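The structure presented is a predicted model; accordingly, all values stated were derived computationally and were not measured.
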Amino acid sequence: MSISHTLLGLLETGPRHGYDLKRAFDERFGHDRPLHYGQVYSTMSRLLKNGLVEVDGIEAGGGPERKRYAITDAGITDVEEWLATPEKPEPYLQSTLYTKLVLALLTDRDASSLLDTQRSEHLRLMRELTRRKTHGDLADQLICDHALFHLEADLRWLETAAARLDKLAKEVRR
Amino acid sequence: MSATPTPSPAHAPDAAPHADGTSALLHAEGLHKTYGSTPALAGADFSIRAGEVVAVMGPSGSGKSTLLHCLAGIVPPDSGRVLYRGRDLSALSDAQRSALRRGDFGFVFQFGQLVPELTCLENAALPVRLAGAGRKQAEAQARQWLERLEVDDIRHHRPGQVSGGQGQRVAVARALAARPSVVFADEPTGALDSLNGERVMQLLTEAARDSGAAVVLVTHEARVAAYSDREIVVRDGKARDMSAMAGVA
């Protein structure tokens, strides 16, 4: 995720101090990975240098945490372009799960057990996200659903691989 | 909403050790079942405790439904045994097993389980009436569950007049109305869209947990299984309890 574009987008809703920006980011997008203050201030310095934000006011006391930032016209254009550019779909062709499976088969280890262990681990996380979703608001539900759909896709792949394990073993050992 | 229905003392969660030395509510031991020359179940050994939601997962044709039918005493295993509260199901008479399925067990299937001639309320009240309660009492009890499942407003409709999601909620209410100790759910969301399916799962598992009932949930969908506490995986007829796997509580 582009942190600078996200912070810029938040600034478009109105000028904010650095700590307000961090709080808004963490509330909406941080979830398990909140921003460090250092990240906010280094990002704002860069945006300032590039003319995408400006200092709207400085409170007495000095220090970067006292600055209030506002987005510039160039910043608004930057956000506009970022939102209009589609994200590249993840091709998922580099899979650690697949690599582990092939290596297990190549080295005559128990590939079936590897798939079982992975399935349990995926389900464990899916249960956790399902609990969180059940008790969360709509925003929570949507972010959890995003993760759940991806985990479900992994699980379907694990099932497919388990069903074709004998055939795959023959192919990789050829 | 009215107060949450609670289990009657006769069906309260039973965690006390049984004759077999386990605290299992339901215990499967060496289950095998063959239909003709086709092995449907080739080994199942696990226990389910009161209040647990256990997903039975596996690909189509793996033996999931056969396992559920054996656990519920619907079909007898060729070998092995199922203990319910320490009692061997195959040692019971047909009448005793039927009584168990009426009183102690609740069932939810994929579709086609509601009686089309009865209203949703009458459907939900059916197991309570079969257990011997009068109509007024049975319907009052059923209404508590219809409210809990958010379908009390359609109680006077017949199944043909309600949506698939509503019908399935009525079926869940019916399964829980007689305050069973175990709810057997075979692909309960299979005929529903994703949002409706999730809501049904949420309501089913919440209501079952609150009432102390165990749920045996057959599903091939991971998102449905994610509402469970743990999973049993069936592949080629062999059922394996995955709670022993790393990372699983």
> Among B:Ala225, B:Ser228, B:Pro59, single out the residue with the greatest number of heavy-atom pairs under 4.5 Å to chain A.
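Of the options given, most contacts go to B:Ser228.
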> Report, in residue-number order, which members of residues 71-89 of chain A are under 4.5 Å from chain B by heavy-atom distance.
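Near chain B, by residue number: none.
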> I'd like to know if B:Glu231 and A:Arg124 make a salt bridge, using a cut-off of under 4.0 Å between side-chain N and carboxylate O.
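A salt bridge is absent here (no side-chain N lies under 4.0 Å from a carboxylate O).
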> For A:Tyr98, look at atom OH and say whether over 12 heavy atoms of other residues, nucleotides or ligands are found less than 6.0 Å away.
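Open: at most 12 neighbouring heavy atoms sit under 6.0 Å from OH of A:Tyr98.
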> Do A:Arg127 and B:Asp229 meet the salt-bridge criterion of a basic N to acidic O distance under 4.0 Å?
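Answer for the salt bridge query: no.
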> Chain B contacts: which residues in residues 155-166 of chain A have a non-hydrogen atom closer than 4.5 Å to it?
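Under the 4.5 Å heavy-atom cut-off, A:Leu155, A:Glu159, A:Ala162 qualify.
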> Taking atom CZ of B:Arg223 and atom CG of A:Leu148, what is their separation to the nearest 0.5 Å?
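Result: 5.5 Å between the selected atoms.
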> One thing to verify: whether A:Lys133 and B:Glu198 come together as a salt bridge, which I'm taking to mean a side-chain N less than 4.0 angstrom from a carboxylate O.
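Between A:Lys133 and B:Glu198 there is a salt bridge, with a charged N closer than 4.0 Å to a carboxylate O.
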> Once rounded to the nearest 0.5 Å, what's the spacing between atom OG1 of A:Thr134 and atom CD of B:Glu206?
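Between atom OG1 of A:Thr134 and atom CD of B:Glu206 there are 7.0 Å.
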> If every non-hydrogen atom of A:Ser120 is compared with every non-hydrogen atom of B:Met242, which pair is closest and at what distance?
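A:Ser120 and B:Met242 have their closest heavy atoms at OG-CB, 3.9 Å.
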> Counting heavy atoms not belonging to A:Arg173, are there more than 12 under 6.0 Å from its CZ?
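Atom CZ in A:Arg173 is crowded, with more than 12 foreign heavy atoms closer than 6.0 Å.
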> Evaluate whether atom CG of B:Asp236 has more than 12 neighbouring non-hydrogen atoms of other residues, nucleotides or ligands under 6.0 angstrom away.
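No, because the 6.0 Å sphere around CG of B:Asp236 holds 12 heavy atoms or fewer from other groups.
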> Rounded to the nearest 0.5 Å, what's the gap from CZ on A:Arg131 to OG1 on B:Thr205? Could you check?
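The CZ atom of A:Arg131 sits 11.0 Å away from the OG1 atom of B:Thr205.
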> Go through the steps to decide whether A:Asp116 and B:Arg240 satisfy the test side chain to side chain contact (heavy atoms under 4.5 Å, CB included), and finish with yes or no.
CA-CA 10 Å; A:Asp116 284 345; B:Arg240 282 175 308 148; 2.6 Å; yes
> Does any heavy atom of chain A fall under 4.5 Å from the side chain of B:Met201, the backbone, both, or neither of them?
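The answer is neither part of B:Met201.
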> Any idea which heavy atoms bring B:Ala226 and A:Thr130 closest together, and the distance?
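Nearest heavy atoms, B:Ala226 then A:Thr130: CB-OG1, 3.3 Å.
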